Amino acid sequence: MTTTEMPAVSECTVTSCSYNDHGCHAFAITVDGRNGTADCATFVPLTAKGGLPAAVSQVGACKRADCVHNEHLECTAANVRVGMGEGDHAATCLTYRAG
């Protein structure tokens with residue numbers, strides 16, 4: 001899989017993340033999580049905004065081997081959406097589906 005084939009982060013509504021400045025500006029995110037959650041492990045809760053100004057964010061790695069979109073720790077979804085999680089899960093991959 002090349003970087004042009006990696007799924008894009010099509011939406012991120014987690015405005016408290018430093019990489020979110022009217023969309024995700026991280027070059028790539030990592031999806032992690034436990035016990036049925038799929039958290040965006042790239043989430044950074046700072047007031048300063050960062051990342052690349054013209055980034056098309058993508059999924060660099062997915063540690064949720066139980067997701068239907070996960071093939072050899074690579075995401076095969078067309079794109080992913082990240083949104084607010086519950087409790088201590090600040091940013092969640094909304095595309096995650098247990099398989």
Side-chain angles (χ1 to χ4, degrees):
M1 181 176 276
T2 66
T3 57
T4 57
E5 297 171 358
M6 296 171 75
V9 177
S10 63
E11 176 184 39
C12 179
T13 59
V14 185
T15 57
S16 60
C17 181
S18 293
Y19 285 110
N20 189 338
D21 189 8
H22 299 41
C24 185
H25 287 272
F27 179 73
I29 68 165
T30 297
V31 177
D32 199 356
R34 292 167 188 75
N35 301 324
T37 67
D39 299 326
C40 177
T42 312
F43 171 77
V44 177
L46 298 174
T47 56
K49 294 296 181 180
L52 304 170
V56 176
S57 298
Q58 52 201 343
V59 179
C62 180
K63 296 181 179 181
R64 290 310 316 242
D66 64 330
C67 180
V68 298
H69 303 293
N70 189 316
E71 187 173 311
H72 307 291
L73 302 179
E74 300 291 335
C75 182
T76 61
N79 59 63
V80 299
R81 295 173 37 251
V82 177
M84 294 296 294
E86 296 180 11
D88 61 348
H89 306 284
T92 301
C93 177
L94 302 175
T95 310
Y96 166 79
R97 297 288 174 261

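One-based numbering along the sequence shown. Keep in mind the model is a prediction, meaning the values are calculated, not measured. Atoms considered below: every heavy atom in the structure, side chains included; atoms not considered: hydrogens, waters and symmetry mates.
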Subject >> Residues Tyr96, Val31; criterion side-chain contact (heavy atoms from CB on, under 4.5 Å); working and verdict >> reply: CA-CA 9 Å; Tyr96 166 79; Val31 177; 5.9 Å; no
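Here the shortest heavy-atom pairing between Gly99 and Val68 reads CA-CG1, 3.3 Å. The two residues Gly85 and Thr92 make their nearest non-hydrogen contact at CA-OG1, 3.2 Å. Of all non-hydrogen atoms in Leu94 and Arg97, the two that sit nearest each other are O-NH1, 3.3 Å. When all heavy atoms are compared, the tightest approach of Glu71 to Thr76 is CB-CG2, 3.7 Å. Across all non-hydrogen atoms, the minimal contact from Ser10 to Arg81 is OG-CG, 3.6 Å. The two residues Ala48 and Ser18 make their nearest non-hydrogen contact at O-OG, 2.9 Å.
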Do any side-chain atoms of residues 20-28 form donor-acceptor pairs under 3.5 angstrom with protein atoms, and if so which ones, sequence neighbours left out?
unit_1 : atom_1 : unit_2 : atom_2 : d
Asn20  : OD1    : His22  : N      : 3.4
Asn20  : OD1    : Gly23  : N      : 3.0
Asn20  : ND2    : Cys12  : O      : 2.9
Asn20  : ND2    : Val14  : O      : 3.2
His25  : ND1    : Leu52  : O      : 2.8
His25  : ND1    : Pro53  : O      : 3.4
His25  : NE2    : Asp21  : O      : 3.1

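Other residues, nucleotides and ligands contribute more than 12 heavy atoms inside 6.0 Å of the CZ atom of Phe43.
Note: Met6 CE to Ser57 OG = 10.5 Å, rounded to the nearest 0.5 Å. Atom CZ of residue Arg64 and atom CZ of residue Arg34 lie 9.0 Å apart, to the nearest 0.5 angstrom. Taken from CD1 in Ile29 to SG in Cys62, the straight-line distance is 9.0 Å, to the nearest 0.5 Å. In this structure, CG on Asp39 lies 5.5 Å from NE2 on His89, to the nearest 0.5 angstrom.
Residues Val82 and Val59 share a hydrophobic cluster, clusters being chains of Ile/Leu/Val/Met/Phe/Trp/Tyr side chains in contact below 4.5 Å.
Judged by distance alone, the side chain of Thr42 and the main-chain N or O of Thr30 form a donor-acceptor pair under 3.5 Å.
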